[in-house]
Amino acid sequence: MSSDVTATGLDSVRAEIARACRDAARDPAGVTLVAVSKTFGPEAIEPVIAAGQRVFGENRVQEAKAKWPPLMQKHQGLELHLIGPLQSNKAKEAVALFDAIHSVDRASLCEALAKEIEKQGKSPLLFAQINTGAEPQKAGVLPQDADDFLTKCRETYGLTISGLMCIPPLDEAPGPHFALTATIARRNGLKLLSMGMSADFAAAIAMGATHVRIGSAIFGGRQ
Ligand SMILES: *Cc1c(COP(=O)(O)O)cnc(C)c1O
């Protein structure tokens, strides 16, 4: 049964997070597992909720909007995180639906988010995404622009950015990208670090990740 497969994936991810925390002499309570359920339907998500997982990540607003409200109505205390790029014209829906947004990366989006946060009286946890590999196809603020961007978020838009997020280039060792993200966070006084996916979350935890975004190791491969 596919639900058994799913619960097994979650169990081994939990065990690996615990081991990585032990190796890094970190308290496991300081690492939030964001179970990335993009492309998977309620039948795959339900067993993971039943196994006690409460924090989920989606990369598209429309998909999340179709999928999560019924699940949230059915289950208490779920937390939904947006981990993919956000268009400014979807800021309203994103603020309404998500408890955290990991992909704040440009002034126009800051402006739209600030407006909606004020209007809706809701403040999702915000992470600024850093394009640590300076990849042209990838979203995120360039590392050399990060300090200015964070100042602007605060001073121009009145946004509280609580942490940084990065997605290392596929073809490079992730360690230096995690380290760079941690360094930028530290010098800007930010406590949260969203980094680490199925293939590299142990390394991310060793470098201080507070939020690991894990999909395929829990749910299996995506189509
Ligand atoms: C899909 C996705 C993940 C999860 O990736 P896996 O390799 O399946 O764990 C994490 N972060 C972001 C931004 C994603 O889009």
Side-chain angles (χ1 to χ4, degrees), residues 2 5-17 19-20 31-41 44-45 47-48 51 53-65 67-68 79-87 90 94 97-106 109 124-141 161-175 177-178 180-182 185 192-223:
S2 65
V5 172
T6 297
T8 305
L10 180 65
D11 284 344
S12 59
V13 166
R14 282 172 167 164
E16 282 177 54
I17 289 173
R19 174 152 28 107
V31 179
T32 298
L33 169 58
V34 182
V36 177
S37 49
K38 65 187 184 199
T39 78
F40 290 94
I45 296 170
V48 176
Q53 177 64 25
R54 287 295 173 267
V55 184
F56 290 85
E58 289 284 342
N59 69 334
R60 301 174 64 161
V61 176
Q62 288 321 106
E63 183 183 342
K65 218 179 128 186
K67 216 154 85 181
W68 282 94
E79 214 180 276
L80 193 58
H81 290 216
L82 179 65
I83 60 171
L86 177 59
Q87 292 170 265
K90 297 223 173 81
L97 183 61
F98 292 96
D99 300 289
I101 297 171
H102 292 233
S103 49
V104 180
D105 68 350
R106 60 199 189 281
L109 178 59
L125 193 63
L126 300 179
F127 296 80
Q129 181 173 350
I130 309 298
N131 186 354
T132 55
E135 296 172 279
Q137 82 286 8
K138 203 170 267 177
V141 180
I161 303 285
S162 299
L164 301 182
M165 182 270 236
C166 77
I167 308 171
L170 268 176
D171 55 353
E172 288 182 30
H177 296 274
F178 296 152
L180 174 58
T181 305
L192 303 182
L193 290 169
S194 167
M195 52 192 206
M197 306 176 23
S198 290
D200 55 18
F201 65 88
I205 287 170
M207 307 214 125
T210 61
H211 292 69
V212 290
R213 310 177 310 267
I214 301 179
S216 48
I218 296 172
F219 291 98
R222 289 177 293 270
Q223 295 300 303

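Fair warning: this is a prediction, and the values are worked out from it, not measured in the lab. For ligands, and for the atoms within them, numbers begin at 1 and follow the listed sequence. Start at 1 with the first residue, then count along the sequence.
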Check your understanding: Under 4.0 angstrom from ligand 1, any heavy atom of R222?
Key -> yes
Review point. Which ligand 1 atoms does R213 reach within 4.0 Å, using its non-hydrogen atoms?
Key: 4 (C), 9 (O), 10 (C), 11 (N), 12 (C), 13 (C)
Revision key, fill the gap. shortest atom 5 (O) of ligand 1-to-protein heavy-atom contact is with M197 CE, 3.5 Å
Check your understanding: So which heavy atom in the protein is nearest atom 12 (C) of ligand 1, and how far is it from that ligand atom?
Key -> I83 CD1, 3.4 Å
Exercise for review: For ligand 1, find out whether one of its N or O atoms is nearer than 3.5 Å to an N or O atom of G215.
Suggested key: yes
Study note, to complete from the structure: Closest heavy-atom pair, G84 versus S103, reported as atoms and distance to 0.1 Å, is O-OG, 2.7 Å
Review point. For ligand 1, which atoms have a heavy atom of I167 less than 4.0 angstrom away?
Key: 13 (C)
Practice item. With heavy atoms of I214 as the reference, note each atom of ligand 1 found under 4.0 Å away. Key: 9 (O)
Practice item. Heavy atoms only: give me the nearest I83-M165 pair and the separation to one decimal. Key: O-CE, 3.4 Å
**Study point:** Protein contact to atom 6 (P) of ligand 1 [nearest heavy atom, distance to 0.1 Å]
**Key:** S198 OG, 3.5 Å
Review point. When you look at CD of Q223, are more than 12 heavy atoms from neighbouring residues, nucleotides or ligands closer to it than 6.0 Å?
Key: no
Exercise for review: For residues K138 and I167, report the shortest heavy-atom separation together with the two atoms involved.
Suggested key: NZ-O, 3.1 Å
Review point. Which heavy atom of the protein is the closest neighbour of atom 2 (C) of ligand 1, given with residue, atom name and distance?
Key: K38 NZ, 2.6 Å
Check your understanding: Is there at least one pair of N or O atoms, one from S216 and one from ligand 1, spaced under 3.5 Å apart?
Key -> yes
Review point. Closest heavy-atom contact between A64 and L80?
Key: CB-CD2, 4.3 Å
Study note, to complete from the structure: Heavy atoms of E63 and F40 approach each other most closely as OE2-N, 4.3 Å
Practice item. Looking only at non-hydrogen atoms, find the nearest pair between H211 and H81 and report the distance. Key: CD2-CE1, 4.0 Å
